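Since the structure comes first, as structure tokens, the remarks are kept for the end.
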Amino acid sequence: MRLEKCWFCSSTVYPGHGIQFVRNDAKIFRFCRSKCHKNFKMKRNPRKVKWTKAYRRVHGKDMTQDSTFEFERKRNRPERYDRNLAVDVLKAIPKIDKIRVSREERHHKNRMKGNKAKVQKEAEKEYEQSIHMVKAPSSLQQEKIKVKVSQQQSEENPLMEE
Amino acid sequence: MGGKCPHRKVKKRRLSHKTDRRARFLIKGDDMVYDELNKPEEERKTLPVDEDLPGMGQHYCLHCDRFFANVAVRDDHFKTKKHRRRVKQMMGDAPHTQLDAELAAGMGMPDNGPKLMSM
């Protein structure tokens, strides 16, 4: 049993799922669902469609080079069954998976570095620009002491106001 | 390619969508055109005389996979925006393949065994 990858979105295609198209030059295109098949028929380039793995890889959203990617591959050679080997492989799978997940998390964290400050800055700016929509400017001038308290509160949670 | 035809003599008859659908299978995919363009000059097939094609199949545009009636029409085609856009596209990155999809999914390069690898 071979688990194929979708041509368009790179997700796993399990037996009995999806559809495959064989072009008249004998090239096989596998699709995981009708969404991917339709996108292929529309001649869309997966590298330009944001939700595909190909896009995420090209644009540095996902981890690209890693030693954990060396395990899963298409093996075009017969393997003699060996029970000990099978046991070892089954033991190794969860370990490798754990390592990969942690590395992916680290990659995501690195990618999102500096994002928090940016979000905070944008929120503060929006708050200053659109506070008049919540409170009338005249009332802000009247109760100067009270305003300070409300500002502190709203700065902690600026998105709740909208 | 098939389908809509604005200058029909017989207005009553419906347009054939079936020919349109068939014609879609005859269009070469981007990756086929790309491979053809990247072949060395000697390997490219010479154009055989085919009386079903426009201009006996002698005036061909590799990038757009189209036949033309004569050299003048073909040279006009080379100047069009469509053709130039196509040339630019073909100069760029190689089209997406199944191998790209697999690499993006976190798989390694295919392992073909020692015998095939030495070739």
Side-chain angles (χ1 to χ4, degrees), chain A residues 2-13 20-32 36 39-49 52-59 61-79 96-97 100-101 103-104, chain B residues 1-3 17-39 43-45 62-66 82 85-119:
Chain A
R2 183 168 262 182
L3 301 180
E4 303 286 354
K5 297 287 183 220
C6 173
W7 184 88
F8 199 82
C9 72
S10 309
S11 63
T12 313
V13 185
Q20 81 175 16
F21 166 55
V22 184
R23 214 211 266 149
N24 59 8
D25 66 339
K27 254 196 192 127
I28 298 172
F29 300 86
R30 286 192 182 78
F31 304 103
C32 60
C36 294
N39 274 285
F40 171 77
K41 284 192 285 192
M42 285 192 271
K43 295 191 183 297
R44 285 202 180 139
N45 186 354
R47 286 188 200 135
K48 290 186 180 174
V49 180
T52 65
K53 275 278 174 193
Y55 176 93
R56 296 188 64 79
R57 194 180 146 95
V58 168
H59 292 82
K61 310 281 180 194
D62 280 342
M63 192 169 59
T64 47
Q65 282 174 332
D66 198 71
S67 53
T68 54
F69 291 155
E70 297 300 306
F71 295 101
E72 188 188 357
R73 55 169 67 181
K74 199 182 248 175
R75 288 185 175 78
N76 292 326
R77 57 166 160 186
E79 193 84 41
I96 291 161
D97 197 44
R100 183 194 265 195
V101 167
R103 282 182 187 174
E104 261 163 12
Chain B
M1 296 270 151
H17 292 288
K18 203 169 182 180
T19 50
D20 188 29
R21 221 184 312 141
R22 288 247 173 88
R24 257 184 234 177
F25 285 97
L26 298 176
I27 303 170
K28 254 189 193 175
D30 283 357
D31 51 330
M32 285 160 98
V33 174
Y34 188 87
D35 288 347
E36 195 72 22
L37 282 166
N38 282 29
K39 268 184 196 169
E43 271 184 46
R44 277 184 204 163
K45 277 178 255 167
L62 256 178
H63 294 87
C64 308
D65 185 34
R66 273 180 71 179
K82 214 173 181 182
R85 200 176 283 158
R86 183 86 181 154
V87 170
K88 200 177 172 190
Q89 188 196 337
M90 286 299 151
M91 295 279 271
D93 293 341
H96 184 77
T97 58
Q98 182 68 42
L99 181 64
D100 289 340
E102 276 161 15
L103 291 179
M107 280 168 86
M109 290 296 278
D111 175 8
N112 292 325
K115 229 182 211 175
L116 286 164
M117 255 140 96
S118 62
M119 267 165 70

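Reminder, nothing fancy here: chain letters follow the sequence lines and each chain counts from 1. Since the structure is predicted, the reported quantities are computational estimates derived from the model, not experimental observations.
No part of A/R56 comes within reach of chain B, as not one of its non-hydrogen atoms sits under 4.5 angstrom from that chain. With a threshold of 4.5 angstrom between heavy atoms, A/C9 does not approach chain B through any atom at all. Neither the backbone nor the side chain of A/F40 comes within contact range of chain B, judged by heavy atoms closer than 4.5 Å. Within the 4.5 angstrom heavy-atom criterion, atoms from both the backbone and the side chain of A/R75 approach chain B. At a 4.5 Å heavy-atom cutoff, A/K41 makes no contact with chain B through either its backbone or its side chain. Heavy atoms closer than 4.5 Å to chain A are found in both the backbone and the side chain of B/L103. For chain B, the nearby parts of A/R73 are the backbone and the side chain; heavy atoms of each come within less than 4.5 Å.
Contact check for B/D111 versus A/E70: no side-chain heavy atoms found under the 4.5 Å cut-off. A/K74 places none of its side-chain heavy atoms less than 4.5 Å from the side chain of B/M109.
Interface remark: of the candidates A/D25, A/N24, A/T64, A/D25 forms the most heavy-atom pairs closer than 4.5 Å to chain B. Contact tally against chain A (heavy-atom pairs below 4.5 Å) for B/D31, B/D93, B/T97, B/L99: the top residue is B/D31.
In terms of heavy atoms, A/S10 sits closest to B/A101 at OG-O, 2.9 Å. B/A94 approaches A/R47 most closely through the heavy-atom pair O-NH1, 2.7 Å.
Between B/D100 and A/K53 there is no salt bridge, since no side-chain nitrogen of the basic residue lies less than 4.0 Å from a carboxylate oxygen of the acidic one. Residues B/D30 and A/K43 are not paired through a salt bridge, judged by the lack of any N-O separation under 4.0 Å between the basic side chain and the carboxylate.
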